Amino acid sequence: MPSKETLQIALNSQKAERTAPGWPQPNSGRSPTLSTLSEDKEAAPSHSGSFRRPFPPLVRPRIGPAQGTLGLVVDPVRHTSSGSRLGNYKAQESVGRPGADSPAVGVRSLGAGLCGLGALRCGCWCRSPGPVLSARASGARRGVARRWRQVFLGGRAMQRAAALVRLGCCPRTPGPWGRSQSSAAAEASAVLKVRPERSRRERILTLESMNPQVKAVEYAVRGPIVLKAGEIELELQRGIKKPFTEVIRANIGDAQAMGQQPITFLRQVMALCTYPNLLDSPSFPEDAKKRARRLLQACGGNSLGSYSASQGVNCIREDVAAYITRRDGGVPADPDNIYLTTGASDGISTILKILVSGGGKSRTGVMIPIPQYPLYSAVISELDAIQVNYYLDEENCWALNVNELRRAVQEAKDHCDPKVLCIINPGNPTGQVQSRKCIEDVIHFAWEEKLFLMADEVYQDNVYSPDCKFHSFKKVLYEMGPEYSSNVELASFHSTSKGYMGECGYRGGYMEVINLHPEIKGQLVKLLSVRLCPPVSGQAAMDIVVNPPVPGEESFELFHREKESVLGNLAKKAKLTEDLFNQVPGIHCNPLQGAMYAFPRIFIPSKAVEAAQAHKMAPDMFYCMKLLEETGICVVPGSGFGQREGTYHFRMTILPPVEKLKTVLQKVCT
């Protein structure tokens, strides 16, 4: 920082230069200048016999009250057309250290003065002041504004200092002395040390510094193939020609996006809960109004917009428990074991989070089926747990073999502590429905190996094969006797997103957790409280799923007809998909017993495998990408779900309407 004396020398030099003989004066014959505007009583030298007083300096630098602070005084003067003086405002800016006069008030005052100017001339002697509203005055005003931007927005000390000193000279009209700025400005710029310009600040969050567990997360259902589909859709919108007119997204189980109509009763109750004024409308059935009133009375302020308890709205948890009891033929369910969630995914993530612990060989191992739903591998990666694969038997309709479970757990014990077993029933992406005998074997294995059981049962309504039936793990566990039902820890999950409802966007779900240690139960509630509560609208949607119209109620017939229509159509499409795939050489598809996907095996020629490797892609990813680019069909490669080495698959939803599904299958099969 230059010394106070150095700056004062520079400023005095400027002042001396401006008051020296020969300083140019305004020409006579121009529009008159008001002679009483300046508080400075110095008279300007006469020129051509005409006496004129100078305009007061607009900006003059000074040394501020704090040591080492360079200030400036601004004297914008406002005039009316008659020339009467309206005011004189001073603004000061601190250029050095804090503590000088506040710039904020000064800037506002300056702005007021500049906006009100009828005539503004810079503090130096322009050769021609011009008329009150002359273009030259406007130019000076723009120049002053530009310099103020330099002063207030400039980032470096030299820019500020030079701007402060140069403000005494007109930016547009250099004086006849042959230079456009004073030597004082150059001197001030020279003596002020320029603050070193900083290099660009490095970002805190980079790929190298981010959480490595998050970077390891992969979710194939919305992976590269889906991003490519979005790009192609944009190209079609811009008119770029393709061999197809639309992209058909068969990659995800989003029923209503594929054209499935919502269940009327569910939407009626949701509409009433969302806009209670409709409760007086005769357009809604009384059984829908009754449920809406009950739900609203259980919400804070009688509104879905309020928070709920972290475990969920109490009356909805009671309805879930009653539903489980009906479903399982009288097996009791305790509302205190019910936790409402943001879809089933939220519950699965929460349970895994509370289970994972340890390090090294004691790190928690989580057993998951292969093929699996990518949520499981993604959460395991995020939590830095150990993924333990067990393979479903493709040759036996994707059955779960307990001997395979034993192989997997024994191999895993060499490098981790396996303590969680995840089951998806009905299967995603494989569509198998586990038999009761299989479920009993799995429960016995979990009891024997002291494993925590997680049963993903979101497709429990989606069973199409007449030879199959859904059996809940909770029911089978209870019926195996108290040795199992009182000891095996089990978390089971359900959702509004699948089944016949297809209400993915509401993000409603629940989990029932039994045989949990009381202290762990308190920890689980604490963990859930961090996210406050699941969406209350989603909780309400879940309530309608578990508490639908019953025989004798006004809405029952319509509800039953819509439900059976959805499930019946899905069953037809499951059979259609299986039959068409199995007619094509190079594709084999197991029966679709349940859920809403096909997971056919594709036999890729060796040359195609080599081409995929040349593009640094998995062969099934290469196949799916080519299918998308040539037909507009978006499916997910089997490598995103896991598969045995040397086999290739893809997952495709059966949700599109029958005619569109036929189109999809024909394009895939040709």
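All values reported here derive from a predicted model rather than from experimental measurement.
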Undergrad: What verdict does the side chain to side chain contact (heavy atoms under 4.5 Å, CB included) test give for Leu352 and Leu383, after you've listed the backbone C-alpha separation in whole Å, the side-chain angles of each residue and the deciding distance to 0.1 Å?
TA: CA-CA 8 Å; Leu352 285 175; Leu383 298 176; 3.9 Å; yes
Undergrad: Between Arg291 and Glu286, does at least one N-O distance fall below 4.0 Å, as a salt bridge requires?
TA: no
Undergrad: Shortest non-hydrogen contact from Ile368 to Ile380?
TA: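 That would be CG2-CD1, 3.9 Å.
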Undergrad: Does either side chain, that of Arg651 or that of Asn428, offer a donor lying less than 3.5 Å from an acceptor on the other one?
TA: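 Looking only at side-chain atoms, Asn428 and Arg651 do form a donor-acceptor pair, the distance falling under 3.5 Å.
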Undergrad: Calculate, to the nearest 0.5 Å, the distance between atoms NZ and CE belonging to Lys660 and Met258 respectively.
TA: 6.5 Å
Undergrad: For the residue pair Gln372 / Ser377, report whether a side-chain donor-acceptor contact shorter than 3.5 Å exists.
TA: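 There is such a pair between these side chains.
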Undergrad: Please determine, by modelled atom types, if Ser537 and Arg507 share a side-chain donor-acceptor pair under 3.5 angstrom.
TA: no
Undergrad: Identify the two heavy atoms, one from Asn251 and one from Val226, that lie closest to each other, and give their separation to 0.1 Å.
TA: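 For Asn251 versus Val226, the nearest heavy atoms are ND2-CG2, 3.3 Å.
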Undergrad: Take Asp620 and Gln643 through the side chain to side chain donor-acceptor pair (under 3.5 Å) test and state the conclusion after the steps.
TA: CA-CA 11 Å; Asp620 51 4; Gln643 54 199 352; 2.7 Å; yes
Undergrad: Are a donor atom and an acceptor atom from the side chains of Gln539 and Asp543 found within less than 3.5 Å of each other?
TA: no
Undergrad: Does Gln593 use its side chain to pair, donor to acceptor, with the backbone of Thr430 at less than 3.5 Å?
TA: no
Undergrad: Compare every heavy atom of Phe470 with every heavy atom of Asn425, then report the nearest pair and how far apart it is.
TA: O-CE1, 3.8 Å
Undergrad: Relative to the ring of Phe599, is the ring of Phe641 parallel (under 30°), tilted (30 to 60°) or perpendicular (over 60°)?
TA: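 Rings of Phe641 and Phe599: perpendicular, as their planes differ by over 60°.
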Undergrad: Is the shortest heavy-atom distance from the side chain of Arg317 to the side chain of Asp336 under 4.5 Å?
TA: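 With C-beta onward as the side chain, the pair touches.
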Undergrad: If I compare all heavy atoms of His471 with all of Ile439, which pair ends up nearest, and what's the gap?
TA: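 Reported closest heavy-atom pair: O-CD1, 3.3 Å.
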Undergrad: With rounding to the nearest 0.5 angstrom, report the NE2 to SG distance, His649 to Cys624.
TA: 12.0 Å
Undergrad: Side chain to side chain contact (heavy atoms under 4.5 Å, CB included), that's the test. Do Phe650 and Leu627 meet it? Break it down for me.
TA: CA-CA 11 Å; Phe650 65 84; Leu627 181 68; 5.6 Å; no
Undergrad: For the pair Ser310 (side chain) and Leu532 (backbone), establish whether a donor and an acceptor sit closer than 3.5 Å, ignoring hydrogens and angles.
TA: yes
Undergrad: Using a 4.5 Å cut-off on heavy atoms from C-beta on, say whether the side chain of Leu453 contacts that of Val442.
TA: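 When only atoms from C-beta onward are counted, Leu453 and Val442 do touch, with a gap below 4.5 Å.
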Undergrad: Is there a donor in the side chain of Glu382 and an acceptor in the side chain of Asn211, or the other way round, less than 3.5 Å apart?
TA: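 There is no such pair (donor and acceptor under 3.5 Å, judged by atom type) between the side chains of Glu382 and Asn211.
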Undergrad: Once you measure the plane-to-plane angle for Tyr323 and His494, does it fall in the parallel (<30°), tilted (30-60°) or perpendicular (>60°) bin?
TA: parallel
Undergrad: Will you find, in the side chains of Tyr459 and Asp461, an N or O donor that is under 3.5 Å from an N or O acceptor?
TA: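 No, no side-chain donor-acceptor contact under 3.5 Å.
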Undergrad: Between Glu440 and Arg436, does at least one N-O distance fall below 4.0 Å, as a salt bridge requires?
TA: yes
Undergrad: Below 4.0 angstrom, N of the basic side chain to O of the carboxylate: do Glu553 and Lys290 qualify?
TA: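 Not counted as a salt bridge, because no side-chain N and carboxylate O are separated by less than 4.0 Å.
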Undergrad: Which value, rounded to the nearest 0.5 Å, describes the distance between Gln523 atom CD and Glu519 atom CD?
TA: 8.5 Å
Undergrad: If the test is salt bridge (Lys or Arg N to Asp or Glu O under 4.0 Å), which one of Arg249, Arg238, Lys228, Lys242 qualifies with Glu233?
TA: Arg249
Undergrad: Can you tell if the side chain of Met367 reaches within under 4.5 Å of the side chain of Leu451, non-hydrogen atoms only?
TA: yes
Undergrad: For the residue pair Gln261 / Glu562, report whether a side-chain donor-acceptor contact shorter than 3.5 Å exists.
TA: no
Undergrad: Any ion pair linking Asp254 and Lys498 (charged N to carboxylate O, less than 4.0 Å)?
TA: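 Salt bridge between Lys498 and Asp254, a charged N being under 4.0 Å from a carboxylate O: no.
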Undergrad: May I have the step-by-step check of side chain to side chain donor-acceptor pair (under 3.5 Å) for Gln460 and Asn462, ending in yes or no?
TA: CA-CA 6 Å; Gln460 58 189 258; Asn462 301 101; over 6 Å; no
Undergrad: Using 0.5 Å steps for rounding, measure from the CE atom of Met511 to the CG atom of Asp346.
TA: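 Here the interatomic distance stands at 7.0 Å.
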Undergrad: Decide yes or no for Asn337 and Val513: does some side-chain heavy atom of the first lie under 4.5 Å from some side-chain heavy atom of the second?
TA: no
Undergrad: Verify whether one side chain among Ser357 and Lys419 offers a donor that lies under 3.5 Å from an acceptor in the other.
TA: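 Judged by distance alone, the side chains do pair up.
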Undergrad: For the atom pair CG (Leu655) and NZ (Lys573), what is the distance rounded to the nearest 0.5 Å?
TA: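 Here the rounded value is 6.0 Å.
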Undergrad: Find out whether Tyr390 and Leu400 are in side-chain contact, i.e. whether some heavy atom of one side chain is under 4.5 Å from a heavy atom of the other.
TA: yes
Undergrad: Any heavy-atom pair between the side chains of Leu304 and Cys299 that's under 4.5 Å?
TA: yes
Undergrad: Measure the shortest side-chain to side-chain distance between Ile587 and Arg601 over non-hydrogen atoms and say whether it is less than 4.5 angstrom.
TA: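 No, their side chains stay 4.5 Å or more apart.
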Undergrad: Can you see whether Tyr376 engages Asp456 through a side-chain donor-acceptor pair at a distance of less than 3.5 angstrom?
TA: yes
Undergrad: Report the distance from atom CD1 of Ile338 to atom CG of Asp334, rounding to the nearest 0.5 Å.
TA: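 It is 8.0 Å, given to the nearest 0.5 Å.
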Undergrad: Any chance you could lay out the side chain to side chain contact (heavy atoms under 4.5 Å, CB included) test for Leu490 and Asn515, step after step, and finish with the verdict?
TA: CA-CA 7 Å; Leu490 169 68; Asn515 293 327; over 6 Å; no
Undergrad: Output, in order, the C-alpha distance, side-chain angles, deciding distance and verdict of side chain to side chain contact (heavy atoms under 4.5 Å, CB included) for Ile544 and Tyr506.
TA: CA-CA 12 Å; Ile544 305 162; Tyr506 276 116; over 6 Å; no
Undergrad: Once the angle between the rings of Phe556 and His560 is folded into 0 to 90°, is it parallel (under 30°), tilted (30 to 60°) or perpendicular (over 60°)?
TA: parallel
Undergrad: May I ask you to test the Thr341-Thr350 pair for a side-chain heavy-atom distance under 4.5 Å?
TA: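 Contact flag for Thr341/Thr350 side chains = no.
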